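For reference, the structure is listed below as structure tokens.
Lettering follows sequence order; numbering is per chain, from 1. What you see is a predicted model, and the numbers here were worked out from it, not measured in a lab.
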Protein chains: 4
Amino acid sequence: MVATHALPVGEEDSAKRRQILDGARKVFMTLGFDGASMGEIARAAGVSKGTLYVYFTDKNALFESIVEQEKLEQGKAVFNFDTARDAEATLAEFGRGYIQLLCRPGGGSAIRTVMAIAERMPDVGKRFYEAVLAHSIRQLAAYLDARVKAGELKIDTTELAAAQFMMSCQATLFQPFIFQAKPTPSPEEIDRVVDSALRMFLAAYRA
Amino acid sequence: MVATHALPVGEEDSAKRRQILDGARKVFMTLGFDGASMGEIARAAGVSKGTLYVYFTDKNALFESIVEQEKLEQGKAVFNFDTARDAEATLAEFGRGYIQLLCRPGGGSAIRTVMAIAERMPDVGKRFYEAVLAHSIRQLAAYLDARVKAGELKIDTTELAAAQFMMSCQATLFQPFIFQAKPTPSPEEIDRVVDSALRMFLAAYRA
Amino acid sequence: MVATHALPVGEEDSAKRRQILDGARKVFMTLGFDGASMGEIARAAGVSKGTLYVYFTDKNALFESIVEQEKLEQGKAVFNFDTARDAEATLAEFGRGYIQLLCRPGGGSAIRTVMAIAERMPDVGKRFYEAVLAHSIRQLAAYLDARVKAGELKIDTTELAAAQFMMSCQATLFQPFIFQAKPTPSPEEIDRVVDSALRMFLAAYRA
Amino acid sequence: MVATHALPVGEEDSAKRRQILDGARKVFMTLGFDGASMGEIARAAGVSKGTLYVYFTDKNALFESIVEQEKLEQGKAVFNFDTARDAEATLAEFGRGYIQLLCRPGGGSAIRTVMAIAERMPDVGKRFYEAVLAHSIRQLAAYLDARVKAGELKIDTTELAAAQFMMSCQATLFQPFIFQAKPTPSPEEIDRVVDSALRMFLAAYRA
DNA sequence: CATGAATGAGCATTCATTCAT
DNA sequence: TATGAATGAATGCTCATTCAT
């Protein structure tokens, strides 16, 4: 049995709800949780302030929905982890795509915004980490498992190795980027750093 | 002739000023710039709200002083970069100390807080990055330079290598920690991760 | 097409807006710009403090609207300047009305309040002077022009003469009134002073 | 017997007290009662805020003393009311001096400042009016009395006539000046207005 | 359902005043 | 006496939230 007059709050996917989420994401990601005001969100979404409260019980709930949505979208960023391809090409391609994603304008926004609030909203932080960051690690680790099985690599703990590779690809790029200490890195810089990280990785883990 | 009754604002080191900075640091680091209220800071510092404004012109100035102080203190964290010591022991010890510093309770607070505000206060972000993060990288790079000269290591760009090592030491530890996804890592976990990072590093860069 | 739900700020004539203006006028005129607090204004207007800011961007804007409104209302005070009537009766009637207006309870309030702020808000002062005081002078001057043409009066500069008449009607009445040195003058006092001013005026300017 | 250790408050004329009054006058006359802060006054006077309270019980008392002092100084502005001199020359000279006094830069300040506060501090307003404005009127009236007796003038109520003359000298000059609607009038303008007021006065009151 | 007017608690900041030295 | 550090109440203003329409 389906409710014919379901409350908007219940509808997980009305057009209005999506419209609000889209406006709110921009504002939250730009200004952070505290810096974002419900008024500005309403304006960005093109709805009235009152309507916000029809779809979301309060600012926190709206923010959590944004993070939820962000999790889904960042989770969608698929990399070509064809387990038949060799590690060198696959990892180089993945590393470049990964850093480009992180360091594109607005790319660190979700990470920054969620990290900023993590102390006050630990659940939000934890769920985001699990769904986005740990998820990527697990994807890469699964690929590494396959290449270990294929005899190309020799790795004890693939999850740790995956995280190591991802972190070393960020070296000198991501932190200056989110701290606004350097501008968006060029493709050449990314290539250089990822190549270096890849060389280190293969030196250690090539079978 | 020296002013015997310098204005508080000018005094770089009165007890009250330190008292305020101490209280403010706790509040800012816990709640972030926007989440912290001058009232709460006053309470935490054990002074009246008015006194805050005797020592600091406004909330921004107080915050920037906190970040400045944090820079000094984090910059003081000296590691034993005796250029005569061999890389394996030195890097292992450094890596462990570095991760313990980052992941100690409250350890990521400054990084989190400054990163969170970096979009709105780019100068603060940039200066913090330079003084703390880039500073550590440079220190380590200088050590690596020495070991390259000593013939123990073979590295093209020591600054990149330094950053790579530092980042890979963080793998599976720092991000879950600041996202509140995992508790403070145990010394054993840190050992395991740093050892792994070190093995990878040496595999790539041992001469 | 007309917006059916215009923003309050844009509505030049909502009931709430008028209600706020009414409350604010009392408070501003009694306590002056600095003495008036937005809280007291809200109380006097019977609205919340927040509502004040829905209709006016800030305290200055509210004050300027009050002065604007006062200009309109004081400008409406029309006198019978029938150019066919003879000067003696017309000026006597005008003088009495003018002084009664200035010296009625609360009558000097706008003048006092605007004069008080004129140094810090010169535009407000200037516009008020032009719209209210200079406006009255010009009205009277126009009437005098007509009577000069009619051959009843002989005046070189009617604007100066108009101002002279208006000022001499105030003699011993208006200044003590706004300085709170004497109570509201009685109609008899007003008659006596206006008559005397009129006699002086006619002695000088009757053709 | 003289107190050797008289409290400052009791000393009516210590150098410090005068120093404070001088600083406070500038600030009060420029910014008005509410606009002036005790901090700014202390700075202008070159003393500490605490010292202000050694000599004056509070801001009101300090302000009242300023007005008191202003009364004394403005009362000192003596005009040449030689009862032997003829009215035409005497009044012309007086009128010019009077308007120049009122309209000199900072000249309307005391009047403006006291008038602004008169509703909230009626006693201050009343005493200032009596000591300054009414005082001038009485001085001029006394001179007129003499000239009436001398047979040069024929006036019913010299006090009213005095006030009339003083007011008509202000015509088109003083009000625009305090409302910041026109700049300080030139000597030529003053001459023209005072001459015109004088002609009107003599036309009415010459014996 | 959607609106936006209205609210009131909360914020950063100022300032008259006090008081130990 | 003179200081200036310290206070806390008050101010202008913002904003999440409510609710009548």
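Residue pairs meeting the salt bridge (charged side-chain N to carboxylate O under 4.0 Å, His left out) criterion with at least one partner in residues 45-69 of chain A, sequence neighbours excluded, are A:Glu64-A:Arg127, A:Glu68-A:Lys71, A:Glu68-A:Arg127. Within the structure, side-chain hydrogen bond (donor to acceptor under 3.5 Å, both in side chains) contacts touching residues 19-33 of chain A (residues at least two apart or in different chains) are A:Arg25-A:Glu73. Contacts classified as side-chain hydrogen bond (donor to acceptor under 3.5 Å, both in side chains) and involving residues 32-47 of chain B (residues at least two apart or in different chains) are given here: B:Asp34-B:Arg120.
Rounded to a whole Å, the CG atom of A:Leu31 is 11 Å from the P atom of F:dC15. Atoms CG (A:Leu52) and P (E:dC1) sit 15 Å apart, rounded to a whole Å. A straight line from CG of A:Leu62 to C1' of F:dC15 spans 15 Å, rounded to a whole angstrom. Spacing between atom CZ of B:Arg43 and atom C1' of F:dT7 amounts to 16 Å, rounded to whole angstrom units. In this entry the distance linking CD of A:Gln19 with C1' of E:dC1 reads 13 Å, nearest Å.
Nearest heavy-atom pair across D:Ser14 and D:Tyr55 is OG-CE2, 3.4 Å.
Under the rule for a side-chain contact (heavy atoms from CB on, under 4.5 Å), the partners of D:Ile178 that lie at least two apart in sequence or sit in another chain are C:Met115, D:Arg112, D:Phe174. Residues that satisfy the side chain to side chain donor-acceptor pair (under 3.5 Å) test with D:Thr51, not counting sequence neighbours, are D:Ser48. Contacts of A:Phe63 classified as ring-ring contact (aromatic ring centres under 6.0 Å, His included), with partners at least two apart in sequence or in another chain: A:Phe28, A:Phe33.
The NZ atom of D:Lys16 lies 13.0 Å from the CG atom of D:Leu21; values are rounded to the nearest 0.5 Å.
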Under 4.0 Å protein heavy-atom contact, by nucleotide of nucleotides 12-21 of chain E - B base, S sugar-phosphate only: SBB-BBB---
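Between B:Lys16 and D:Ser48, the one whose closest nucleotide on DNA chain F sits nearer the 5' end is D:Ser48.
Stem list for DNA chain F (at least 3 consecutive Watson-Crick or G-U pairs, distances under 3.5 Å): E:2-21 with F:2-21.
Listed nucleotides E:dT7, F:dA6, E:dC1 differ in distance to B:Tyr55; the shortest reach to its side chain belongs to F:dA6.
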